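Accompanying notes for the structure given below.
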Amino acid sequence: MAGKINLEIDAVLEKYPEPEESLIAVLQGVQDIYGYISKDAVEYITEKTNIPSSRIMGVASFYAGFRLKPVGKYRIMVCMGTACHVNGSERIGDTVKRQLGIEAGDVTEDGLFSWEEVACLGCCSISPAMMINDTAYGMLTQEKVIEIIDSIKKGEGK
Ligand code: FES
C-alpha cells in the first residue's frame, strides 16, 4: 500500500485512541477519504491496531452505509424510495444499467461511473429522482437519463 494512503489512514486512527471501540467512526473516516473500504485499508488498520481483519470486515459488511467496492468518478444513486418507485424508478434504474453496461454496485472499467439503488434521497417532490455525486436530478424520464449520462461522457471526452 502506498505511503500516502498509510498517512491518510494514520490521520484517521490518530483521532481515535481506542480504535476498536470507535471502529464505525474509523471506517467512516476511511470511507470519507476513499469512497469505500478497500481490502488494503482493512489490512493496514489490522496491522496498526491488531483488530482482526475479520472483525473489521464484519462491521463494514453489517452496516449498509459502508461500501466495500470502489465508486466511479460519477457516482449515480437511483432512488428506489416509495414516491420514486410509484413514479417509475425501476425504468430509471434499467436505463442507467443499459447506458453504463454494468450492474448496480459495480463501476465501469474506465472508473468513470458507478451506480447503485438507494433509499429516499429526500427530494420526493421531483420523483423519480437520482443523484450524481452532489447533484440531484428529478422528474426523470428514460430520455432524460440518457441525455444526462451522454453529456457527462461528452464532457469527459468519451
Ligand atoms: S422517494 Fe425518491 S426522493 Fe423520496
Side-chain angles (χ1 to χ4, degrees), residues 5 8-9 11-13 15-16 19-42 44-45 53-158:
I5 297 179
E8 286 169 333
I9 297 181
V12 172
L13 289 172
K15 287 195 226 157
Y16 303 100
E20 186 143 19
E21 257 87 282
S22 312
L23 195 47
I24 292 175
V26 168
L27 293 177
Q28 190 59 59
V30 170
Q31 180 164 288
D32 287 345
I33 298 171
Y34 306 111
Y36 76 112
I37 316 279
S38 69
K39 249 173 110 189
D40 283 350
V42 171
Y44 186 69
I45 295 170
S53 56
S54 56
R55 164 141 169 73
I56 301 174
M57 286 309 289
V59 170
S61 45
F62 180 78
Y63 292 97
F66 289 126
R67 286 182 300 277
L68 300 174
K69 283 184 179 177
V71 288
K73 179 176 177 189
Y74 297 93
R75 180 183 171 210
I76 302 179
M77 289 158 276
V78 178
C79 180
M80 292 290 160
T82 309
C84 288
H85 181 74
V86 168
N87 286 311
S89 57
E90 219 153 282
R91 281 198 307 276
I92 302 305
D94 283 347
T95 308
V96 172
K97 178 173 158 178
R98 227 182 15 251
Q99 288 306 106
L100 301 182
I102 52 169
E103 296 295 325
D106 287 343
V107 60
T108 54
E109 242 167 57
D110 58 7
L112 212 50
F113 294 97
S114 60
W115 81 280
E116 61 206 277
E117 298 179 341
V118 297
C120 180
L121 289 167
C123 47
C124 313
S125 60
I126 57 165
S127 64
M130 69 181 184
M131 283 187 84
I132 303 183
N133 298 339
D134 295 329
T135 307
Y137 297 85
M139 308 284 185
L140 292 172
T141 59
Q142 288 172 295
E143 292 71 30
K144 217 165 157 183
V145 169
I146 293 170
E147 231 170 72
I148 293 164
I149 292 176
D150 278 352
S151 81
I152 293 174
K153 283 182 180 169
K154 250 184 229 144
E156 291 285 340
K158 304 262 168 180

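What you see is a predicted model; the values in this text were computed from it and never measured. In each ligand, atom 1 is the first atom listed, and ligand 1 is the first ligand listed.
For the pair R67 (side chain) and G35 (backbone), a donor-acceptor distance under 3.5 Å is present.
Atom NZ of K153 sits in a crowded spot, with more than 12 heavy atoms from other residues, nucleotides or ligands closer than 6.0 Å.
Minimum heavy-atom separation, D110 to T108: OD1-OG1, 2.7 Å. Across all non-hydrogen atoms, the minimal contact from V26 to I45 is CG1-CD1, 4.2 Å.
Those atoms of ligand 1 with a heavy atom of C79 less than 4.0 angstrom away are 1 (S), 2 (Fe), 3 (S). For ligand 1, the atoms sitting less than 4.0 Å from at least one non-hydrogen atom of A83 are 1 (S), numbered in the order shown with element in parentheses. Close approach of ligand 1 to C123 is summarised as follows: ligand atoms under 4.0 Å from at least one heavy atom of the residue are 3 (S). Close contacts between ligand 1 and G122 involve ligand atoms 3 (S) [criterion: under 4.0 Å to a heavy atom].
Among the atoms of C124, an N, O or S atom falls under 2.8 Å of atom 4 (Fe) of ligand 1. Note on C120: counted as a metal contact of atom 4 (Fe) of ligand 1, an N/O/S atom lying under 2.8 Å.
For atom 2 (Fe) of ligand 1, the nearest non-hydrogen atom from the set S89, A119, C84 comes from C84.
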**Request:** For the pair E8 and Y34, evaluate side chain to side chain contact (heavy atoms under 4.5 Å, CB included) and give the outcome as yes or no after the intermediate values.
**Result:** CA-CA 10 Å; E8 286 169 333; Y34 306 111; 2.9 Å; yes

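Judged by the shortest distance from any of its heavy atoms, S127 lies outside the 4.0 Å radius around the atoms of ligand 1.
In the model, S38 has no side-chain atom that pairs as donor or acceptor with a side-chain atom of D40 under 3.5 Å.
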